Visitor: 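Pasting a structure below so you can have a look.
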There are 2 protein chains.
Amino acid sequence: MSCIPRLTIMLRACGYRMTSQRHAILQALHDGGHLSPAQIYQRVESTGMTEATVYRTLEFLAENGILLVADRGNGHLAYELSGESHHHIICRTCGAQMEVDPALLAPAISQMESETGYHLNAGHLTFFGLCPLCKQKPQERA
Amino acid sequence: MSCIPRLTIMLRACGYRMTSQRHAILQALHDGGHLSPAQIYQRVESTGMTEATVYRTLEFLAENGILLVADRGNGHLAYELSGESHHHIICRTCGAQMEVDPALLAPAISQMESETGYHLNAGHLTFFGLCPLCKQKPQERA
DNA sequence: TTCCTTATTGATAAAATTATCAATAAGGAA
DNA sequence: TTCCTTATTGATAATTTTATCAATAAGGAA
Ligand SMILES: [Mn+2]
Ligand SMILES: [Mn+2]
Ligand SMILES: [Zn+2]
Ligand SMILES: [Zn+2]
């Protein structure tokens, strides 16, 4: 993917380094979308990388804004490349999910800002609910 | 606290039971507010309860709507008694936090519902940002 | 290219969280 | 109260995640 060189420069500007491990994890997320640490490890295991390195690298990349952390509702976290801003909606019944335009929340957020005095980072939220299908037939679908 | 009898009835109606362990954990959360599993275990350790029981009980109570799960931003979760609906704002710099009236998000959520077809559970969200103090003096405060 | 500094990794241990399963006890029925 | 069914717990092992620290390698300087 073409963003590796850009990220390399960005990291070096902060005194950090681009390593083969970071490269492999970024690549895995590039063609994997939202992935859990375990899923990512599967995809980079062949390089000999340690699980500890996967966790460390994900935390590092997230802290530096290169990755976004997402709540999957199962208590565990997922990671993804931080591209265009967005939020998520997940169906509590069937797990279906979709992305949401952050513009929909903008007015609510700016109102929260003016009422609380906080400066909010719109961020990357996850909303839970029922998808159109599960809204009808209450129980079906695992 | 006075809600134990009510919760007992609620649980029995679903075939579940009120145990001394559940009672102790609810009591801990009643006078503790938002607590992590470790913090809760500290407070009920004297009863001889196992850590595994703490985790199981928290998951059980949350699944049944008696507890809310909160994202604390540190990757770990916190639990609290589900009372009046609200959301949270946490300062990424100093950790200061405050609750937010869910009514502020209501219009945005109903618009998301009409645009996506999902039925959303307003829920219990956590927003991150900078508090009024940290917004000014950029670096200070651990 | 060679050398140096040190950020990063692997190896390992520790800690936190989850899964198994037999023993216990909640609470409904008699 | 006594008895029974079975939800729940404790004990234990397995898995996941985090912390330590010496060995490695990124990448700037010479
Ligand atoms: Mn996302
Ligand atoms: Mn809360
Ligand atoms: Zn669904
Ligand atoms: Zn602050």
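Because only heavy atoms are used, hydrogens play no part in the values below, and waters and symmetry mates are left out as well, while side chains stay in. What you see is a predicted model; the values in this text were computed from it and never measured. A, B, ... follow the sequence lines: proteins, then strands. Residue 1 opens every chain.
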Visitor: Classify the nucleic acid contact of B:Gln21 as base, sugar-phosphate or nothing, counting any heavy atom under 4.0 Å across all strands shown.
Guide: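 Contact class for B:Gln21: sugar-phosphate only.
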Visitor: Please give me the minimum heavy-atom distance between B:Leu29 and B:Tyr79, naming the atom from each residue.
Guide: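 Closest pair (atom of B:Leu29, atom of B:Tyr79, distance): CD2-O, 3.4 Å.
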Visitor: Counting side-chain heavy atoms from C-beta on, which of C:dT9, D:dG10, D:dG28 comes nearest to A:Arg22?
Guide: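 Of the candidates, C:dT9 comes closest.
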Visitor: Report the distance from atom CD1 of B:Ile25 to atom C1' of D:dT8, rounded to the nearest whole Å.
Guide: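 In whole Å, D:dT8 C1' lies 12 Å from B:Ile25 CD1.
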Visitor: Got a list of protein N/O to nucleotides 2-6 of chain D N/O distances below 3.5 Å?
Guide:
from, atom 1, to, atom 2, distance (Å)
D:dT6, O2, B:Arg17, NH1, 3.4
D:dT6, O2, B:Arg17, NH2, 3.3

Visitor: Of B:Leu77 and B:Arg12, whose closest DNA chain C nucleotide lies nearer the 5' terminus?
Guide: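 Of the two residues, B:Leu77 wins.
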Visitor: Indicate the ring-plane relationship of A:His34 and A:His124, choosing parallel, tilted or perpendicular according to the 30° and 60° boundaries.
Guide: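 Answer is parallel, since the angle falls under 30°.
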Visitor: At what distance, to the nearest 0.5 angstrom, does CZ of A:Phe127 lie from CD1 of A:Ile90?
Guide: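 So the gap between those two atoms works out to 11.5 Å.
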Visitor: Would you say B:Asn74's side chain and B:His76's backbone share a donor-acceptor pair under 3.5 angstrom?
Guide: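 Looks like yes, one N/O pair under 3.5 Å.
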Visitor: Does the A:His119 side chain pair with the main chain of B:Leu130, one donor and one acceptor, at a distance under 3.5 Å?
Guide: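 Absent.
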Visitor: Could you check B:Asn74 against B:Thr47 and say which one's nearest nucleotide on DNA chain D is further toward the 5' end?
Guide: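 Closer to the 5' end of DNA chain D: B:Thr47.
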Visitor: Shortest non-hydrogen contact from A:Ile4 to A:Met18?
Guide: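 Result for this residue pair: O-CE, 4.4 Å.
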Visitor: Can you pull every protein N or O that's under 3.5 Å from an N or O on nucleotides 19-22 of chain C?
Guide:
none

Visitor: Give the minimum heavy-atom separation between A:Cys91 and A:Cys134, together with the two atoms involved.
Guide: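 Smallest heavy-atom distance, with atoms named: SG-SG, 3.7 Å.
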Visitor: Would you please enumerate the stems DNA chain D participates in, each stem being three or more consecutive Watson-Crick or G-U wobble pairs with both distances under 3.5 Å?
Guide: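 Stem segments, range with range: C:1-30 with D:1-30.
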Visitor: If each of B:Glu51 and B:Thr19 is mapped to the nucleotide of DNA chain C with the nearest heavy atom, which maps nearer the 5' terminus, i.e. the 5' end?
Guide: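 Upstream on the strand: B:Glu51.
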Visitor: Strictly below 4.0 Å: does B:Thr50 bring a side-chain N or O up to OP1 or OP2 of D:dT9?
Guide: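 It does not, given that no N or O in the side chain of B:Thr50 lies less than 4.0 Å from OP1 or OP2 of D:dT9.
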Visitor: Between D:dG10, C:dG28, D:dT8, which one does the side chain of B:Met49 approach most closely?
Guide: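 The closest nucleotide is D:dG10.
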Visitor: Any sub-3.5 Å donor-acceptor pair from B:Thr50's side-chain atoms to B:Thr53's backbone N or O?
Guide: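 No, because the side chain of B:Thr50 does not come within donor-acceptor range (under 3.5 Å) of the backbone of B:Thr53.
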Visitor: Between C:dA11, D:dT18, D:dT9, which one does the side chain of B:His76 approach most closely?
Guide: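 Selected nucleotide (nearest to the side chain): D:dT18.
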